[in-house]
Amino acid sequence: MDFPTEMKRQVARVETGLNQYLPPASTRPSRLHEAMRYSLEAGGKRLRPVLVLATADLFPASSTRSHADALPAAVAVECLHTYSLIHDDLPCMDNDDLRRGRPTAHRQFDEATALLAGDALLTHAFGLLAESYAATPALAHALIRELAEAAGSRRLIGGQMEDLLAEKKPGATAAELEFIHLNKTAAMIEASLVMGGLVGGADDATTEKLRRLGRELGLAFQIIDDVLDATADSATLGKTAGKDAKAGKATFVGVHGLDVSRRLAQQHSDQARATVQGLGGDTAFLVALIDSMASRSK
Ligand code: GRG
């Protein structure tokens, strides 16, 4: 397995799916559909949808057993993730000008259009799951429930709420920091893995392992994000660097310092690698993906 070639292949599947499963930009009202596509297109690493596809691929179809196409689930996850980025960038939240190397949606369009484009992507994610998996109602139900739980008030939105509250109350504890990141970041990574497993037909024990993997990978991902925010420049990151510390955000670097943060990222990446290897099947791509995330520079 050549990782760069396989990663390119999976990202290309995602790009094709995004184009296929999003309403054309010309759909009325075109300003809204243009804004949805503007934020989705170009620049995203596509980590979460690739995790959906790669996890489903762990369970190959056989002559006696086929499984559904994982691509609509992958697209739904990227729509949900992109909505959260658009809303996170709004003036009432992070008030950011740069995302995925381009002006944020509210800078490119206007605040109301950005808000509505985020709302529309969020809604589209669930509509796409309902529509695409209608022939397998139990799978449709499980996917919708998984994404709703990960994106809801106890996880993604709850993590975001506590993140905003922490800005107003400096001196976050390690436990508060963990709550924020397990929910703001790890929840969607966990959902991506579990949704890939659901499409592939994973049993309960394997689904539990995928959840553990999501937790480890999510924490590793967020710690590296905090380290990069403190050490890299905006041009490399495609988003404003150094903003978290300035905003008084609860970050791993702020709570633990750079050296301990790097060590923690390494520990969570090692744990993620061990969990992946315990899944069985051909895990070479997922292991290489964890390694590439651990050494990412943006
Ligand atoms: C507004 C409900 C709501 C939630 C916002 C996504 C988010 C929660 C906040 C963005 C800030 C942040 C640091 C979130 C942690 C997750 C994270 C690192 C998101 C960025 O994901 P990448 O790096 O982005 O995978 P790309 O652009 O590559 O998809």
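Just so you know, ligand 1 is whichever comes first in the structure, and atom 1 is the first atom listed for that ligand.
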Does L53 share a hydrophobic cluster with M293, counting links as ILVMFWY side-chain heavy atoms below 4.5 Å and allowing steps through other members?
yes
Backbone N or O of E176 within a donor-acceptor pair of the T173 side chain at under 3.5 Å?
yes
Nitrogen or oxygen of R48 less than 3.5 angstrom from that of ligand 1
yes
Could you tell me which non-hydrogen atom of N183 sits nearest to which non-hydrogen atom of F179, and how far apart they are?
ND2-O, 2.8 Å
List every atom of ligand 1 that sits less than 4.0 Å from any heavy atom of H87, numbering the atoms from 1 in the order shown and giving each element.
1 (C)
Quick note on ligand 1: atoms under 4.0 Å from a heavy atom of R100 include exactly 26 (P), 27 (O), 29 (O)
Under a plain distance cut-off of 3.5 Å, with no hydrogens placed, do H106 and E111 share a side-chain donor-acceptor pair?
no
Return a yes/no value for T185: is any of its N or O atoms, backbone included, closer than 3.5 angstrom to an N or O of ligand 1?
no
Would you mind checking which non-hydrogen protein atom is closest to atom 10 (C) of ligand 1, with the distance to 0.1 Å?
D88 OD2, 3.1 Å
Interfacing atoms of ligand 1 (cut-off 4.0 Å, heavy-atom, D225):
13 (C), 18 (C)
Of all the non-hydrogen atoms in the protein, which one sits nearest to atom 14 (C) of ligand 1, and at what distance?
K184 CE, 3.5 Å
For Y83, the ligand 1 atoms with a heavy-atom partner under 4.0 Å come out as 2 (C)
Nearest protein heavy atom with distance in Å, relative to atom 1 (C) of ligand 1
S84 O, 3.6 Å
Contact partition for Q222 relative to ligand 1, non-hydrogen atoms under 4.0 Å:
side chain
If only atom types and distance count, is the side chain of T113 paired as donor or acceptor with the main-chain N or O of F109 below 3.5 Å?
no
Taking all heavy atoms of R262 and all of T231, pick out the closest pair and write down the distance.
NH2-CG2, 3.9 Å
Near I157 (heavy-atom distance under 4.0 Å), the atoms of ligand 1 are 2 (C)
By number and element, which atoms of ligand 1 are closer than 4.0 Å to a non-hydrogen atom of F221?
18 (C), 22 (P), 23 (O), 25 (O)
Under the criterion side chain to side chain donor-acceptor pair (under 3.5 Å), which of D89, D94, T240 is the partner of R99?
D89
Ligand 1-proximal atoms of Q160, by part, heavy-atom distance under 4.0 Å:
side chain
Counting distance only, does the side-chain N/O of S30 pair as donor-acceptor with the main-chain N or O of T27 below 3.5 Å?
no
For F252, is there any backbone N or O sitting under 3.5 Å from a side-chain donor or acceptor partner on S261?
yes
of all protein heavy atoms, closest to atom 23 (O) of ligand 1 is K45 NZ, 2.6 Å
Show which atoms of ligand 1 fall inside a sub-4.0 Å distance from at least one heavy-atom site of G44.
27 (O), 28 (O)
Determine yes or no for a side-chain-to-main-chain donor-acceptor pair under 3.5 angstrom, with Y83 supplying the side chain and E78 the backbone.
no
Heteroatom distance test (H81, ligand 1): nitrogen or oxygen, under 3.5 angstrom
yes
